[in-house]
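Just below is one structure, and these are the notes that go with it.
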Amino acid sequence: MKALEGVKILDFTHVQSGPTCTQLLGFFGADVMKVERPGVGDATRKQLIDVEGADSLYFTMLNHNKRSMTLNTKTEEGKAVLEKMIKECDVMVENFAPGALDRMGFNWERVQELNPRMIMASVKGFGPGPYEDCKVYENIAQCAGGSASTTGFREGPPLVTGAQIGDSGTGLHLCLGIVTALYQREKSGRGQKVLAPMQDGVLNLCRVKLRDQQRLKAGPLQEYSQYGEDIPFGEATPRAGNDSGGGQPGRILKCKGWEKDPDAYTYFITQAAVWKNVCDVIGKPEWKEHEDYATPNARLSRLNEVFETIEEWTKTKTKFEVMDICNPLNIPVGPILSMKELAEEPSLRETGSIVEVDHPERGKYLTVGCPIKLSDSEVDVERSPLLGEHTDEILSNVLGYSADEIATMREAGAI
Ligand code: COA
């Protein structure tokens with residue numbers, strides 16, 4: 001038994017944000033039926049192609065555990081099928097550009113009329129306000145949600161991050177909204193509208209930076225390295241390079257081999273509770289009691305010196321040796337792992353966090369499995385569906401259409 005077994009999802013999502021959400025629902029056992037335009041499908045199927053003629057990794061890695069049906073929802077026949085699906089399903093998930101569903105004839109009022117128990121979940125770039133009609137992609141959300149202005153080095157331009165916090169991050173937010181609404185429906189009997197704007201999702205993940213914005217009123221942010229460098233703060237939370245965002249100062253430091261290996265680095269946190277251990281490890285036992293270094297406050301204006309000294313030590317060890325030496329001493333450190341190292345990491349394979357999947361068009365490939373582990377709802381990662389692979393199956397088994405009716409729809413170009 002899977003956690004969401006029996007929950008039927010009308011998956012109207014495309015590109016990344018929506019599909020990551022419905023993929024999670026699929027991992028948890030929901031029946032995810034992805035509705036795609038006949039002959040076209042989700043645009044990502046044919047984007048960033050690496051194997052000619054096969055669905056791209058972009059698509060396959062975001063659409064596991066789903067069925068695919070083609071349906072032209074702009075034809076009369078297609079609209080009739082969609083109405084039937086809305087009546088049959090528990091959740092409808094979509095991330096069309098603002099207004100697209102209205103133009104299709106399926107706004108929230110119409111959906112509610114068809115199925116008052118329906119949970120209608122949407123990703124949009126922005127919530128209600130001046131930008132609500134805008135189309136948005138990942139990096140726009142990172143910029144509009146406060147991530148880019150606070151990422152990068154002080155002297156450089158704003159930076160976007162490789163973690164897809166705008167798309168996959170918002171997909172996660174939406175997924176939580178959906179299961180929460182399903183839980184409420186158990187008691188209220190009613191569906192509801194769930195909205196996850198990408199700007200809000202990114203801002204939520206940048207919460208600590210809004211914290212720092214408000215702390216600026218009380219004076220310079222002492223844990224930022226610019227404090228120790230006597231560089232005045234401006235009006236907004238600055239970019240902080242690799243400074244840690246919390247109360248325990250940390251940095252990315254070079255390790256043995258850094259001259260040739262771009263990932264020979266470690267993150268090193270000078271957690272106050274284990275400061276004496278840090279001093280012993282780096283060969284500075286005199287810092288344990290010295291008034292300039294012994295307390296976190298004394299160290300704040302000397303963080304550059306402190307981390308430069310620690311780096312002299314980390315440069316003599318590989319990033320894994322730093323782990324092996326520091327972990328037993330409770331010093332929090334972490335190697336900078338490349339995608340190659342992650343792909344080859346046996347423990348991630350064992351836990352199902354990285355999974356090898358077989359696909360009829362492209363053969364074997366790696367994907368990221370379910371990052372959330374439920375002890376009573378095991379995840380089996382199934383390959384992504386081919387375009388329209390399950391059209392007939394869904395039309396007949398879920399919606400009750402006869403073979404003749406399906407043939408007529410096909411002739412009319414509705415599926
Ligand atoms: N049958 C018929 N038409 C279909 C269809 C189907 N099965 N599925 C989609 N369409 C139509 C839509 O109705 C829309 O038509 P219209 O504009 O004539 O009304 C059209 O396809 C295009 O949809 P749209 O969502 O506008 O796609 P786009 O490629 O132009 O824009 C985004 C892509 C991602 C920018 C946009 O969808 C968006 O801003 N989404 C919300 C935010 C978001 O999720 N962004 C992150 C994506 S990772």
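First listed ligand is number 1; within each ligand, the first listed atom is number 1.
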Any side-chain heavy-atom pair of L25 and V7 under 4.5 Å
no

The protein heavy atom nearest to atom 5 (C) of ligand 1 is R37 CG, 3.5 Å

Considering both backbone and side-chain atoms of V136, is one of its nitrogen or oxygen atoms within less than 3.5 Å of a nitrogen or oxygen in ligand 1?
yes

To check your reading of the model: name the closest protein heavy atom to atom 33 (C) of ligand 1, its residue, and the distance in Å.
Y137 OH, 3.5 Å

Just by modelled atom types, is the F268 backbone N or O under 3.5 Å from a matching donor or acceptor in the T266 side chain?
no

Where ligand 1 meets D167 - atom numbers and elements under 4.0 angstrom, heavy-atom basis:
46 (C), 47 (C), 48 (S)

So the atoms of ligand 1 within less than 4.0 Å of a heavy atom of R103 turn out to be 16 (P), 17 (O), 19 (O)

Geometric N/O contact K74 with ligand 1, under 3.5 angstrom:
yes

Under 6.0 Å between ring centres: does that hold for F12 and F96?
yes

For atom 13 (O) of ligand 1, which candidate among E36, Q16, M104 holds the nearest heavy atom?
M104

Protein residue, atom and distance nearest to atom 40 (N) of ligand 1, heavy-atom basis
N95 O, 2.9 Å

Top protein contact for atom 30 (O) of ligand 1, by heavy-atom distance:
K135 NZ, 2.5 Å

What I want to know is whether V15 and ligand 1 share at least one N or O pair that is separated by under 3.5 angstrom.
no

Donor-acceptor contact below 3.5 Å, side chain K79 vs main chain T73
yes

May I ask you to identify the nearest protein heavy atom to atom 26 (O) of ligand 1, giving residue, atom name and distance to one decimal place in Å?
A97 CB, 3.2 Å

Do me a favour and list the nearest non-hydrogen protein atom to atom 23 (O) of ligand 1 with residue, atom name and distance?
F96 CD2, 4.1 Å

Please confirm whether T73 comes within less than 3.5 Å of ligand 1 when only nitrogen or oxygen atoms on both sides are compared.
yes

Is it true that M198 lies under 4.0 Å from ligand 1, counting heavy atoms only?
yes

Let me know which of R383, R362, R45 forms a salt bridge (Lys or Arg N to Asp or Glu O under 4.0 Å) with D55.
R45

Residues, nucleotides or ligands: over 12 heavy atoms within 6.0 Å of E109 CD
yes

Taking only non-hydrogen atoms of N72 and a 4.0 Å limit, the atoms of ligand 1 in range are 1 (N), 2 (C)

Please answer whether the main-chain N or O of Q47 pairs with a side-chain N or O of S56 as donor and acceptor at a distance below 3.5 Å.
yes

Under a 4.0 angstrom heavy-atom cut-off, which atoms of ligand 1 come close to H14?
25 (O), 27 (O), 33 (C), 37 (O)

Going by the order shown, which atoms of ligand 1 are within less than 4.0 Å of some heavy atom of V123?
41 (C), 44 (O)

Without swapping roles, check the side chain of Y131 against the backbone of G125 for a donor-acceptor pair under 3.5 Å.
no

Please say whether L71 places an N or O atom under 3.5 Å from an N or O atom belonging to ligand 1.
yes

Non-neighbouring partners of N204 that pass side-chain hydrogen bond (donor to acceptor under 3.5 Å, both in side chains), sequence neighbours left out
H173, R207

Should the pair H64 and Y365 be assigned to parallel (<30°), tilted (30 to 60°) or perpendicular (>60°) ring geometry?
parallel

Within the distance-only criterion (no hydrogens, no angle test), does the side chain of S68 pair as donor or acceptor with the backbone N or O of G388 below 3.5 angstrom?
yes

Check contact between S17 and ligand 1, using heavy atoms of the residue and a distance below 4.0 angstrom.
yes

In chain order, what residues pass the side-chain hydrogen bond (donor to acceptor under 3.5 Å, both in side chains) check against R37, with sequence neighbours excluded?
none

